[in-house]
Every structure is written in structure tokens, then in C-alpha cells.
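Side-chain atoms are counted along with the backbone in the values below, which use heavy atoms only and exclude waters and symmetry mates.
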Amino acid sequence: MRRLTITLCGSTRRHPHDLARVHRALALAGHLVHAPCPPLPGEPPATTEQLDRLAERHQAAIDASHLVLAIVPDGQPGEATAAEMAYTERYAPAARWVGDVAAWLDGADLHPTLQPATA
């Protein structure tokens, strides 16, 4: 199997479970996965400076990836996810929107270079 570097995009507020499920499946399949950094429960909100650094780091991960996946189970990307995917579509080699996470994890909608993931 070819090991890929994959970056996940998606809302850590609305879809943390879906992001974690995809992250885990890809990591267990042997891929290197970058994902958004969700806040911990009870943690103070990130400062503007911290958010800017996280955005720069996420963009660097996109630049270094073979594949970028937007996890949007409700079909409605937020402003940040839409911006990340617009950037990806301009500069990165492959972008993919994942709406039905369960079907994707079952292998029904995998990117051709990925082996079916086992959850």
C-alpha cells in the first residue's frame, strides 16, 4: 500500500466525532494524517494570534499533502473549511469532499489511491 500524507479539513465544533473517526481510520491504515486542533473541554478560547498560527500551520500541512479531505457530513462547509478547500483546489494536488462519513469509511467512496480503511 502506498502511504499518503493527508490533511483533514472540517469543523471541530460541529463535526469533531466525524473528524476523529476519519483521522483514526486513515492513521490505522498507515497514512500520515494532519487534522484541525480542537479545543479541549474547559480550555479558554484561542487568541487571534494563536488562531492565525494554527491557520498557517494548517495551510502548510495542505501544501505538504498528497490529498486533502473536507469532512462535511451536513453538506454545509463553514467559512474556514470552504476557504481551506478553495486554497487546496488552487494549490494542492488532490481535494475531496466527504459527506457520508460512514459510507466513505466502508470503502464506498474512497479516493482511488487509498486502500479501503478499516474502522
Side-chain angles (χ1 to χ4, degrees):
M1 178 187 84
R2 180 177 175 213
R3 182 171 302 179
L4 300 177
T5 300
I6 301 166
T7 296
L8 303 181
C9 299
S11 173
T12 59
R13 183 178 47 80
R14 293 184 311 164
H15 310 298
H17 182 72
D18 293 306
L19 280 164
R21 286 178 62 209
V22 172
H23 189 163
R24 183 175 189 278
L26 292 170
L28 289 173
H31 301 294
L32 176 60
V33 184
H34 299 281
C37 183
L40 297 173
E43 186 177 53
T47 66
T48 301
E49 182 180 310
Q50 290 170 327
L51 291 173
D52 289 346
R53 277 198 311 258
L54 286 172
E56 288 174 12
R57 179 230 165 274
H58 200 63
Q59 200 168 62
I62 288 170
D63 292 341
S65 292
H66 297 104
L67 175 64
V68 179
L69 298 174
I71 310 303
V72 287
D74 61 4
Q76 301 295 319
E79 186 177 320
T81 301
E84 290 162 356
M85 291 308 282
Y87 176 87
T88 299
E89 290 166 358
R90 281 193 306 269
Y91 302 111
R96 187 72 185 251
W97 294 87
V98 177
D100 186 343
V101 172
W104 192 87
L105 289 171
D106 287 341
D109 188 29
L110 288 176
H111 186 274
T113 61
L114 287 175
Q115 299 296 318
T118 56

**Asked** Mind checking whether Pro77 and Glu84 have side chains closer than 4.5 Å, heavy atoms only?
**Response** no
**Request:** Measure the shortest side-chain to side-chain distance between Ile71 and Arg21 over non-hydrogen atoms and say whether it is less than 4.5 angstrom.
**Result:** no
**Prompt:** Do you know the tightest heavy-atom contact between Thr12 and Pro36?
**Reply:** CG2-CB, 3.4 Å
**Item:** Test item: Gln76 and Arg14 side chains (from C-beta on) under 4.5 Å apart, heavy atoms
**Value:** yes
**Request:** Could you tell me whether the side chain of Leu26 reaches within less than 4.5 Å of the side chain of Leu69, counting heavy atoms only?
**Result:** yes
**Message:** Minimum heavy-atom separation for Gly10 and Thr81, please, with both atom names.
**Reply:** CA-OG1, 3.4 Å
**CD (Glu79) with more than 12 external heavy atoms under 6.0 Å** = no
**Item:** Closest non-hydrogen atom pair, Val33 against Ala27
**Value:** CG2-N, 3.9 Å
**Request:** State, to 0.1 Å, how close Cys9 and His58 come at their nearest heavy-atom pair, and which atoms those are.
**Result:** SG-NE2, 3.5 Å
**Prompt:** What is the distance from atom OG1 of Thr7 to atom CG of Leu32, rounded to the nearest 0.5 Å?
**Reply:** 8.0 Å
**Message:** To the closest 0.5 Å, what do you measure between CG (Asp18) and CG (Asp74)?
**Reply:** 9.0 Å
**Message:** Please tell me whether Trp97 and Tyr91 are part of a single hydrophobic cluster in this structure, the criterion being side-chain heavy atoms less than 4.5 Å apart.
**Reply:** yes
**Complete:** CZ of Arg90 to CD1 of Ile62, rounded to nearest 0.5 Å, is 10.5 Å
**Item:** Shortest non-hydrogen separation from Leu4 to His31 and the atoms involved
**Value:** N-ND1, 3.0 Å
**Message:** Measuring only between side-chain heavy atoms, which start at C-beta, is Thr5 closer than 4.5 Å to Ser65?
**Reply:** yes
**Closest contact, heavy atoms only, Arg57 versus His34** = NH2-ND1, 3.6 Å
**Request:** Would you indicate whether the side-chain heavy atoms of His15 and Val72 approach each other to under 4.5 Å?
**Result:** no
